[in-house]
K.L.:
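Pasting a structure here, questions to come.
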Protein chains: 2
Amino acid sequence: MNTLNVNKIYYGDSLFLLADSNVFPDDSIDLIFTSPPYADKRITSYGGVHPNKYVSWFIPIAAHLKRILKPRGSFILNIKEHPLEGERQTYVIELILELKKQGWLWIEEYCWYKKNCFPGKWPNRFRDAWERCLHFTKRSDFSMYQDAVRVPIGDWSTKRFKSMSEQDYIRYISKNNKHMTRNVSNWLGKKTVNPHNVLVFEEEHFLYPSNVIESATQCSNRNHSAPFPLELPSWFMRLFTEENQVVLDPFLGSGTTAAAAILLNRKYIGVEIIPEYRTQIENCISEVESLKNGRKHYLIR
Amino acid sequence: MNTLNVNKIYYGDSLFLLADSNVFPDDSIDLIFTSPPYADKRITSYGGVHPNKYVSWFIPIAAHLKRILKPRGSFILNIKEHPLEGERQTYVIELILELKKQGWLWIEEYCWYKKNCFPGKWPNRFRDAWERCLHFTKRSDFSMYQDAVRVPIGDWSTKRFKSMSEQDYIRYISKNNKHMTRNVSNWLGKKTVNPHNVLVFEEEHFLYPSNVIESATQCSNRNHSAPFPLELPSWFMRLFTEENQVVLDPFLGSGTTAAAAILLNRKYIGVEIIPEYRTQIENCISEVESLKNGRKHYLIR
DNA sequence: GTTCCGCATGAATCGATAG
DNA sequence: ACTATCGATTCATGCGGAA
């Protein structure tokens, strides 16, 4: 029977693994979130793909993704083209056009604004502080759970104390920023507004208690070329899936997408081609799972 | 003689006006900053261009721009594609590819993060809170004056007001603007920050003293619909030009680019096709000029 | 002189309705 | 069927007036 095995990591090439309709049946995935390896002029031994071949490398994989994604599901592609010889490369915007030719709808381009981006100084450009989160779907009536990502009204930094009770304020100050044990439902119940398409994760401990965040960022930062914080996949999971639905990351890397799915009570499926990541992924998942099951924690939804 | 007339507005079609090499000599413009009319499904009578024809409409104009831009000059294109039938349109990314074919170098894509974007709620998308500022050049060794945008308000206060005491300055501002006292004291304590490629104009009164900015925003915001604030062209003018250099806006609109050039001691040239804007533009320019010439004021660079 | 509250409004988007 | 118009929805910000 074509049944989807969830909470499982496959080690191999997405191009071949996702082709197996016995393992990945049609219309079975609720959300695909991934941050694929960036194009790189250097040798392709470490998962890098040559810029000139990036589109032709990605499109056959995207065909599989389109097959296995549910009709109302979403595909989020987190990517940013690097500069090459002083210019921004064009493979990402070419990929958008090709994905549309493949039948995908290009719904939106979210901007992930990384306020504390990698430092650096060059004569012809500033630091790159944002990445694209491209949203593709199969149908225009895709599923979207907007209420799950509503944010407190107005400027968070200036107004949150106003909406907090006196007791919460005192408790917050006394904690000295290191432990946000205050229950998030305190401010969640206050007036909230819809977000917009620029994602800024001001507070590192926005969604999760500090112990979860610390071990998750630790396991996602080590030895990985393109780490992203837990908040990024979490935000899209809350927006495009409900609990117990299935999230796929065909380029899992160090396992951040799986960790986010666990913490949000979603099912995960990951594919990773580089075998050296295996230990990292397994450590990350077991650590997050034990944290989730063993200790008191606060989660939104 | 092929001499460039500066501080002049031309009323007509950029496609034809910019073709005249007697009026616009080769290699004569230091910076082109513009926010062209967005593609619109509606009738093209009011400056709108059909999405399907946007690229073919823009490219011939861009050829003129490439001719008249100085070799080390920059071309900043502020644009954002609207949704159409639930999808983001692709004419902007197609335009990037075509401009590269025309010989432009696509150096960077700056993200202008508009915190106060237009409200709204829809089942398939959130509010659009960012626009693209695409940076094109003719050569990879273009001019860039990074120090001009790296100098924050802290240096501003010490350099420009060393003869004035802090209290004198606060008193001066307070005399002209009853709401500004608190903000000014906040600026004086600010540290320097390194710029990156996401533009956020948090402080409305960052560049100009309160009297200038108030009238300028009046000119560009109150009476007409302001496509962008003064800060946006100002930022790129400081980054890519020096004083007395020439800035061209081939789609001037209500005149914001010209106003910014005046306030920053740059020369402006504007082209606007819609004659109804003439009065607005002339009022805006004369108002800003009289403010600059008639009163004591303080400007960065 | 300062803070707070109320109100107007702006490069918007979707879906329904009318022609 | 296709196009044009209209109503409902939504929020950060600046401004004026009042306490």
Side-chain angles (χ1 to χ4, degrees), chain A residues 107-108 140-142 144 146-147 150-159 162-163 190-198 200, chain B residues 34-51 54 77-89 92 112-133 167 170-171 173-185 200-206 210 213-233 251-257 274 277 280:
Chain A
I107 302 298
E108 181 59 300
S140 56
D141 57 343
F142 56 91
M144 195 178 196
Q146 300 190 351
D147 289 344
R150 289 177 71 90
V151 295
I153 186 169
D155 188 358
W156 163 254
S157 59
T158 57
K159 292 196 175 176
K162 207 174 169 182
S163 63
K190 307 299 177 184
K191 189 178 180 186
T192 58
V193 297
N194 279 311
H196 45 59
N197 61 358
V198 176
V200 195
Chain B
T34 195
S35 186
Y38 294 161
D40 202 331
K41 208 174 57 172
R42 293 171 299 182
I43 304 167
T44 63
S45 64
Y46 204 66
V49 181
H50 194 281
Y54 200 87
L77 182 61
N78 167 227
I79 196 166
K80 183 62 182 284
E81 64 276 12
H82 286 192
L84 178 62
E85 293 166 10
E87 279 189 274
R88 284 281 164 198
Q89 298 179 258
V92 172
W112 172 30
Y113 172 23
K114 301 184 294 180
K115 291 181 74 175
N116 56 338
C117 58
F118 202 92
K121 180 175 168 36
W122 311 277
N124 57 344
R125 65 179 62 252
F126 292 135
R127 297 172 294 150
D128 195 1
W130 67 286
E131 295 188 9
R132 310 177 193 278
C133 290
Q167 283 305 316
I170 293 173
R171 223 174 292 136
I173 294 293
S174 302
K175 207 185 299 177
N176 294 323
N177 188 328
K178 53 191 174 187
H179 299 294
M180 287 310 297
T181 309
R182 187 168 51 96
N183 287 341
V184 168
S185 54
V200 195
F201 302 108
E202 309 253 6
E203 303 278 343
E204 261 296 314
H205 308 262
F206 186 74
S210 60
I213 196 78
E214 278 194 353
S215 300
T217 49
Q218 227 174 27
C219 155
S220 58
N221 274 338
R222 199 106 21 96
N223 301 333
H224 346 101
S225 59
F228 47 83
L230 269 174
E231 282 84 354
L232 187 67
F251 307 99
L252 188 62
S254 55
T256 311
T257 303
I274 301 174
Y277 275 123
Q280 290 177 28

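Residue numbers begin at 1 in each chain, while the letters A, B, ... track the order of the sequences.
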K.L.:
Taking side-chain contact (heavy atoms from CB on, under 4.5 Å) as the test, write out the residues that go with B:Asn124, two or more places apart.
P.N.:
A:Phe142, B:Trp122
K.L.:
Using whole Å, what does the distance between atom P of nucleotide D:dT13 and atom CZ of B:Phe118 come to?
P.N.:
15 Å
K.L.:
Report the distance from atom CG of A:Asp147 to atom P of D:dT10, rounded to the nearest whole Å.
P.N.:
11 Å
K.L.:
In whole Å, I'd like the distance from the NE2 atom of A:His196 to the C1' atom of C:dG10.
P.N.:
16 Å
K.L.:
Considering residues at least two apart in sequence or located in another chain, which fulfil the side-chain contact (heavy atoms from CB on, under 4.5 Å) criterion with B:Ser35?
P.N.:
B:Tyr38, B:Asn78, B:Phe228
K.L.:
Which residues satisfy the side-chain contact (heavy atoms from CB on, under 4.5 Å) test with B:Lys114, sequence neighbours excluded?
P.N.:
B:Trp112, B:Glu131
K.L.:
Would you confirm whether the ring centroid of A:His196 sits within less than 6.0 angstrom of the ring centroid of B:Phe118?
P.N.:
no
K.L.:
Round to the nearest Å and state the distance from A:Ile107 atom CD1 to C:dT13 atom P.
P.N.:
14 Å
K.L.:
Residues two or more places apart in sequence or in another chain: which of them pass side chain to side chain donor-acceptor pair (under 3.5 Å) with B:Arg132?
P.N.:
A:Glu109, B:Glu81, B:Glu109
K.L.:
For C:dA12, take OP1 and OP2 only and decide whether either is under 4.0 Å from a side-chain N or O of B:His82.
P.N.:
no
K.L.:
Could you pull out all residues at least two apart from B:Phe251 that satisfy ring pair (Phe, Tyr, Trp, His ring centres under 6.0 Å)?
P.N.:
B:Trp57
K.L.:
What contact category does B:Pro36 fall into here, base, sugar-phosphate, or nothing, at under 4.0 angstrom with non-hydrogen atoms?
P.N.:
base
K.L.:
Want to know the stems of DNA chain C: at least 3 consecutive Watson-Crick or G-U pairs with distances under 3.5 Å, which are they?
P.N.:
C:2-10 with D:11-19, C:12-19 with D:2-9
K.L.:
How far apart are the closest heavy atoms of B:Arg88 and B:Pro83, and which atoms are they?
P.N.:
NH1-CD, 3.8 Å
K.L.:
Please report the distance, rounded to the nearest Å, between CZ in B:Arg127 and P in D:dT10.
P.N.:
11 Å
K.L.:
Can you name the salt bridge (Lys or Arg N to Asp or Glu O under 4.0 Å) partners of B:Arg125, sequence neighbours left out?
P.N.:
A:Glu108
K.L.:
Whole angstroms only, please: what is the CG-P distance between B:Asn116 and C:dA12?
P.N.:
12 Å
K.L.:
Can you build the contact string for nucleotides 14-19 of chain C? Use B for base contact, S for sugar-phosphate-only contact, and - for no protein heavy atom under 4.0 Å.
P.N.:
SS----
K.L.:
Got a sec, which residues hit salt bridge (Lys or Arg N to Asp or Glu O under 4.0 Å) with B:Glu87, two or more places apart in sequence or on another chain?
P.N.:
A:Lys100
K.L.:
Figure out the CH2/P separation between B:Trp130 and C:dA12, and round it to whole Å.
P.N.:
17 Å
K.L.:
Could you work out the separation of D:dA8 and C:dA11 based on their P atoms and round it to a whole Å?
P.N.:
22 Å
K.L.:
Starting at CZ of B:Arg132 and ending at C1' of C:dA11, how long is that distance when rounded to a whole Å?
P.N.:
16 Å
